[in-house]
Amino acid sequence: MAKVEAKIEKLQKDVADHAKKVEAARKKATAAKSKAATSKRAVDKRSAKSATAAVSKANEKAKAARAKVAEARVELAKAKAMATAKAAAEAAEAKITELRENLAKRAETDLEKAKASFEQRWRKSREKADERKVKAARKKAAAKAKAAEKKAKVKMAQVERKAAAKAKAKTKKKATKKRATAKRTTTAPAKTRARKATAKRSGRSRKK
């Protein structure tokens with residue numbers, strides 16, 4: 001988890017750096033557009049176009065950086081879920097060890113009170129009884145560990161579904177935007193050709 005957290009911290013710095021670059025690119029594009037609007041020079045128009053393209057490029061890089069942070073956070077959530085399950089299993093095993101030690105101590109205390117003639121028989125009987133208790137405790141601990149693992153898997157599945165839904169929504173939004181851009185690009189030349197054809201027909205009418 002420490003490695004993933006360090007990775008997220010580094011990626012967040014990258015996101016901040018990209019945000020600054022986007023802001024700087026936007027300011028530059030705004031200035032270039034203002035200059036091009038009042039200038040007739042082709043170089044100013046090209047500068048404005050290049051500045052606008054630079055903003056788009058900076059935005060894409062910023063989006064990619066944010067996507068990496070999101071992926072790292074999903075990875076961290078999975079790591080935490082697995083760590084929780086592992087901690088539960090270790091705690092259960094520690095309780096079993098403690099129970100075994102306590103049972104052994106209690107057995108020795110009781111044994112001291114038992115009669116010497118029944119010592120051997122008593123030991124065997126007590127060991128069997130203790131083993132049954134240990135087995136019962138182990139079964140209970142295993143059930144708890146299994147429940148913790150199941151809970152961790154459910155949480156991991158939820159995290160993965162949320163991440164997948166978010167990624168799907170972003171992809172859908174990007175595809176919609178791309179189609180709209182393509183439509184505008186296709187429509188503009190068609191309108192230009194229509195206007196030229198109308199003007200040409202009007203010119204012929206005047207000549208006649």
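All heavy atoms count here, side chains included; hydrogens, waters and symmetry mates do not. Not measured: the values here are computed from a predicted model.
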Heavy-atom closest contact ([X] atom, [Y] atom, distance):
X: Ala141; Y: Ala92; value: CB-CB, 3.7 Å
X: Ala81; Y: Ala152; value: O-CB, 3.5 Å
X: Arg126; Y: Ala107; value: CG-CB, 4.0 Å
X: Leu103; Y: Asp130; value: O-OD2, 4.0 Å

- Item | Residues Lys135, Glu131: salt bridge by 4.0 Å N-O rule | no
- Could you walk me through whether Lys68 and Lys63 pass the side-chain contact (heavy atoms from CB on, under 4.5 Å) test, one step at a time? CA-CA 9 Å; Lys68 286 181 180 179; Lys63 285 179 183 178; over 6 Å; no
- Item | Thr171 side chain to Ala167 backbone, donor-acceptor under 3.5 Å | yes
- Should Lys105 and Glu101 be marked as a salt bridge (Lys or Arg N to Asp or Glu O under 4.0 Å) after you check the CA-CA gap, both sets of side-chain angles, and the distance that decides it? CA-CA 6 Å; Lys105 289 177 183 178; Glu101 291 173 355; 5.6 Å; no
- Item | NZ-CG distance between Lys95 and Asn102, expressed to the nearest 0.5 angstrom | 13.0 Å
- Query: Distance from Lys155 atom NZ to Thr84 atom OG1, nearest 0.5 Å?
  - Reply: 6.5 Å
- Tell me who clusters with Met82, hydrophobic residues only, linked when side chains sit under 4.5 Å apart either directly or through other members.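 Reading the cluster by chain and number, Met82 sits alongside Met156.
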- Flag side-chain contact, heavy atom, 4.5 Å: Arg138 against Lys133: no
